[in-house]
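One structure below.
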Amino acid sequence: MRLEYPLILINFKSYREASGKKALELARTAQKVSRDTGLTIAVAPQLTDLHFVAANVEIPVFSQHVDDVSPGSYTGHVTLEAVKDAGAIGTMINHSERRVRADQVDVIVKRARELSLVTVVCTNTPEVTAAMAALGPDIVAIEPPELIGTGIPVSKAKPEVVTSSVELVRRINPAVKVLCGAGITTGEDVAAALRLGTVGVLLASGVVKAKDWEKAIRELVEPILKRA
Ligand SMILES: O=C[C@H](O)COP(=O)(O)O
């Protein structure tokens, strides 16, 4: 599946509000807004919900994590092959809440490419973003961990972190797309992220914990529609 941009990637994390049947409800809500607006809205459900969600929606579905192991005797691990079989189009790697070593990122990115899986490598500083871009993922997502879940958007609180990351990626590997995340909750936060040179956002609590998911997602994409 070829991803279109801008991209809104909603990470369900381990929130109870978006697990089990509710994971599919939220994914279908995202799909409804995506169909109405023509914008790419992707979801990253918990692993236990991945196949269930991917089998019942047409929007892009990502795994939140994979391990750097091949199929075989690896109890409790998650292989790229398994998330592909489950219907994911790609995977996040190295989220600040699920860190892996740089050498593991390197292995995963290379193997994901062989399997035509999209890779979203999460980073915490411009320097780490530059290092991860050199490994050739499809996407890097710069997210200062201290802003995660705060509702204080990185695109306004730390714009320089975003612009530095965009600039470094442009220099080191211009084929890599840049998302930003952490504290993104409003359409203006998304618009600010796009103005800073990213191609979209990675977010979680602003949608998952919203009382009205559809209203929250529509509000997020409104400014993008105005740009079009
Ligand atoms: O994966 C999403 C990021 O950790 C941001 O989380 P947040 O939108 O709740 O701040």
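As the structure lists them, so they are numbered: ligands from 1, and atoms in each ligand from 1. For the single chain, residues carry numbers from 1 onward in sequence order.
In terms of protein heavy-atom proximity, atom 8 (O) of ligand 1 is nearest to A204 N, 2.8 Å. Scanning the protein for heavy atoms near atom 9 (O) of ligand 1, the closest one is S205 OG, 2.5 Å. Scanning all protein heavy atoms for the shortest distance to atom 3 (C) of ligand 1 gives E143 OE2, 2.6 Å.
Between V207 and L220 the shortest heavy-atom distance is CG2-CD1, 3.6 Å. Of all heavy-atom pairs between E17 and V208, the closest is CB-O, 3.7 Å. A18 and L26 get closest at one heavy-atom pair: CB-CD2, 4.0 Å.
For K13, a nitrogen or oxygen atom sits less than 3.5 Å from a nitrogen or oxygen atom of ligand 1, counting backbone and side chain alike. For ligand 1, one of its N or O atoms has an N or O atom of G183 under 3.5 Å away. Of the N or O atoms in G149, one or more lie within a sub-3.5 Å distance of an N or O in ligand 1. Considering backbone and side-chain N/O of N11, one or more are found under 3.5 Å from N/O of ligand 1.
A salt bridge links K156 with D189: the distance from a Lys NZ or Arg NE/NH1/NH2 to an Asp or Glu carboxylate oxygen falls below 4.0 Å. No salt bridge links E214 with R28; every basic N to acidic carboxylate O contact stays at or beyond 4.0 Å.
Within ligand 1, counting atoms from 1 as listed, the ones closer than 4.0 Å to a heavy atom of L202 are 1 (O), 2 (C). Annotation for ligand 1: atoms under 4.0 Å from non-hydrogen atoms of I148 are 4 (O), 6 (O), 10 (O). Each of the following atoms of ligand 1 lies closer than 4.0 Å to a heavy atom of A182: 5 (C), 10 (O). Ligand 1 places these atoms under 4.0 Å from at least one heavy atom of H95: 1 (O), 2 (C), 3 (C), 4 (O). Within ligand 1, counting atoms from 1 as listed, the ones closer than 4.0 Å to a heavy atom of L203 are 2 (C), 8 (O).
For K84 (side chain) and L115 (main-chain N/O), a donor-acceptor pair under 3.5 Å exists by modelled atom type.
With hydrogens and angles left out, the side-chain atoms of D49 and H51 include no donor and acceptor closer than 3.5 Å. Between N124 and S96, the side chains place no donor N or O within less than 3.5 Å of an acceptor N or O (distance only, hydrogens not considered).
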